[in-house]
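What follows is one structure encoded as structure tokens, with my remarks underneath.
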Amino acid sequence: MTATIIDGKASAARLREKIAAETQRITAAHGIQPGLATVLVGNDPASEVYVRNKGKTAQALGFKSVHVAMDAGTTQEALLGQVRALNADKSIHGILVQLPLPKHLDETSVLDALDPAKDVDALTPTNAGLLMSGRAHLVSCTPAGVMLLLKEYVGDIAGKDVLVIGRSLLFGKPAALLLLAANATVTMAHSRSRDLPALARRADILVAAIGKPELVKADWIKPGAVVIDVGINRVDAGDGKTKLVGDVDYEPASKIAGAITPVPGGVGAMTIVCLMQNTLIAACAQNGIEAPKF
Ligand code: NAP
């Protein structure tokens, strides 16, 4: 058996078109241009690429895009001042502080300073709490992207056994809550879980967000299961170059799974587009307009 490849790039392109159309409609009807600000402290090359791509996508969709580049030695006070200035800027509807921050800065107090209405990564306690209560309108981008892929490729997941490996605030926890809200039977695993392969073999849908290259082996996968690989790991390609791999050992896994996301071109492709979706939703909410449903 060869798995269906879950084409995140194609799904992301379709969603992007819908967002572009809705943005045009909302701008024409209400004179609102969604605005996204990205804040990057320091010059980590991977973070620079992510932030640049976010800015480019925002511009291509007709959003206002602002980038704030801060020195690696920036103080906590200077960063908080920048966040507060963006909170107060009416032309900015979404603020993304690229994480991780340099070690001398405290992420928690930066997230606490962010206006929850502009928290398009949905990392503030307010948005995490609203998700827990089933009332979120801004949902973490990568979990939101995964839910869209499952909707497209699986349909109804009610009653399915889902294993989420990883319990981060950014992915694992919000993903588990969204899956639960969709009536799946959700198990969460992490570095202290016992017998991960046995837990994985029970799953109809296996979601890996670990950050360990190819940790999930083919013989962990229930034949025909849907495998969602969130991991993005840069490894040595053996020819002096590097390449990206996921948390799942893709080639052998794709011979056992029913459907699988590749890395790259799977989940990652959805994340930036879901960020744009959140920015548009935030712009509507901040202007008292009903947000489009995607
Ligand atoms: P994270 O904060 O480092 O969390 C990793 C999670 O994996 C933790 O809960 C950890 O358990 C668990 N873990 C680590 N080693 C394990 C092991 N051997 N067995 C079982 N569980 C283990 O990472 P994250 O931010 O959630 O990201 C995870 C991966 O997804 C990374 O590769 C990241 O680059 C990628 N990612 C991709 C996107 C995208 O757009 N596609 C977005 C976000 C993240 P403990 O809690 O016990 O430490």
Side-chain angles (χ1 to χ4, degrees), residues 6-9 11-13 15-16 38 44-54 56-57 96-101 103 107-108 111 120-123 128 131 138-150 162-179 186-203 206-217 219-221 227-235 242-250 260-278:
I6 299 180
D7 187 347
K9 261 193 185 164
S11 298
L15 178 58
R16 189 178 154 138
T38 51
D44 172 68
S47 294
E48 277 179 341
V49 172
Y50 288 143
V51 164
R52 200 176 316 127
N53 287 342
K54 286 164 187 172
K56 270 195 207 154
T57 310
L96 184 135
V97 180
Q98 187 67 39
L99 301 177
L101 293 171
K103 294 238 178 317
E107 275 180 16
T108 305
L111 292 177
V120 281
D121 242 353
L123 291 173
L131 180 62
L138 293 176
V139 174
S140 230
C141 306
T142 308
V146 166
M147 294 309 289
L148 287 173
L149 291 178
L150 287 176
V162 183
L163 177 71
V164 180
I165 313 178
R167 55 175 164 179
S168 66
L169 177 65
L170 186 65
F171 183 81
K173 284 178 186 161
L177 287 171
L178 291 170
L179 290 159
V186 183
T187 304
M188 292 189 76
H190 44 78
S191 67
R192 311 288 182 91
S193 296
R194 271 184 293 155
D195 204 352
L196 206 51
L199 289 172
R201 280 184 206 112
R202 288 190 353 219
L206 174 57
V207 183
I210 313 164
K212 298 267 188 274
E214 299 174 339
L215 180 86
V216 176
K217 304 298 176 203
D219 66 355
W220 298 20
I221 295 166
V227 177
I228 304 288
D229 190 353
V230 181
I232 301 179
N233 308 289
R234 189 163 285 284
V235 296
T242 59
K243 61 174 181 174
L244 291 183
V245 298
D247 289 342
V248 178
D249 194 4
Y250 181 80
I260 189 166
T261 57
V263 177
V267 174
M270 296 296 285
T271 300
I272 288 188
V273 188
C274 288
L275 176 69
M276 302 304 142
Q277 175 179 305
N278 272 352

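Any value given below was found using the heavy atoms of this structure, including those in side chains, with hydrogens, waters and symmetry copies removed. Given the structure is predicted, the values throughout are model-derived calculations rather than measurements. Just so you know, ligand 1 is whichever comes first in the structure, and atom 1 is the first atom listed for that ligand.
- Scanning the protein heavy atoms around atom 46 (O) of ligand 1, the nearest turns out to be Arg167 NE, 2.7 Å.
- When heavy-atom distances to ligand 1 are checked against a 4.0 Å cut-off, Val230 comes that close through both its backbone and its side chain.
- Counting only heavy atoms from C-beta outward, the side chains of Leu148 and Gln277 approach each other to under 4.5 Å.
- A donor-acceptor pair under 3.5 Å is absent between the side-chain atoms of Lys212 and the main chain of Ala209, judged by distance alone.
- Side-chain contact check for Val146 versus Leu150: some heavy-atom pair is nearer than 4.5 Å.
- The option with the heavy atom closest to atom 19 (N) of ligand 1, from among Val267, Ile272, Ile228, Leu196, is Leu196.
- Interface of Thr271 with ligand 1, defined as ligand atoms under 4.0 Å from a residue heavy atom, comprises 39 (C), 40 (O).
- Residue-ligand proximity, Leu170 to ligand 1, at heavy-atom distances under 4.0 Å covers atoms 25 (O), 43 (C).
- The line from OH of Tyr50 to CG of Leu275 is 13.5 Å long, rounded to the nearest 0.5 Å.
- By the 4.5 Å heavy-atom criterion applied to side chains, Leu206 and Ile165 are counted as neighbours.
- Within a 4.0 Å radius of atom 27 (O) of ligand 1, the protein has no heavy atom.
- At a threshold of 4.5 Å between non-hydrogen side-chain atoms, the residues Val235 and Lys243 count as touching.
- Among Ile228, Val227, Val207, Asp7, the one residue that satisfies the side chain to side chain contact (heavy atoms under 4.5 Å, CB included) test with Thr261 is Ile228.
- For ligand 1, the atoms closer than 4.0 angstrom to any heavy atom of Gly166 are 6 (C), 7 (O), 9 (O).
- Scanning the protein for heavy atoms near atom 1 (P) of ligand 1, the closest one is Ser168 CB, 4.1 Å.
- For the pairing with Ile210, the side chain to side chain contact (heavy atoms under 4.5 Å, CB included) check across Asp229, Val216, Val248, Asn233 returns one residue only, Val216.
- Taking every heavy atom of Gly211 and a limit of under 4.0 angstrom, the matching atoms of ligand 1 come to 28 (C), 29 (C), 31 (C), 32 (O).
- Annotation: side chain of Leu169 is in contact with side chain of Leu123 (closest heavy-atom distance under 4.5 Å).
- Counting only heavy atoms from C-beta outward, the side chains of Met147 and Leu179 approach each other to under 4.5 Å.
- Atom CG of Leu101 and atom NZ of Lys103 lie 10.5 Å apart (nearest 0.5 Å).
- Within the 4.0 Å heavy-atom shell around ligand 1 one finds Ala209.
- If you check each of Asp229, Leu215, Ile210 against atom 14 (C) of ligand 1, the one with the closest non-hydrogen atom is Ile210.
- Residue contacts with ligand 1 for Thr142 involve side-chain atoms from C-beta outward but no N, CA, C or O (heavy atoms, distance under 4.0 Å).
- Using a 4.0 Å cut-off to heavy atoms of Gly268, the atoms of ligand 1 that qualify are 40 (O), 41 (N).
- Close N/O approach between Arg192 and ligand 1 is not found [any backbone or side-chain N/O within under 3.5 Å].
- Polar contact with ligand 1: absent for Asp247 (N/O pair, distance under 3.5 Å).
- Only side-chain heavy atoms of Lys212 come within less than 4.0 Å of ligand 1; its backbone N, CA, C and O stay farther off.
- Interface atoms of ligand 1 facing Asn233, defined by a heavy-atom separation under 4.0 Å, are 32 (O).
- Atom-to-atom distance recorded for Leu163:CG and Leu199:CG is 6.0 Å, nearest 0.5 angstrom.
- Looking at Ile232 next to ligand 1, an N or O pair under 3.5 Å apart turns up.
- When the heavy atoms of Gly145, Ala46, Ser191 are ranked by distance to atom 48 (O) of ligand 1, first place goes to Ser191.
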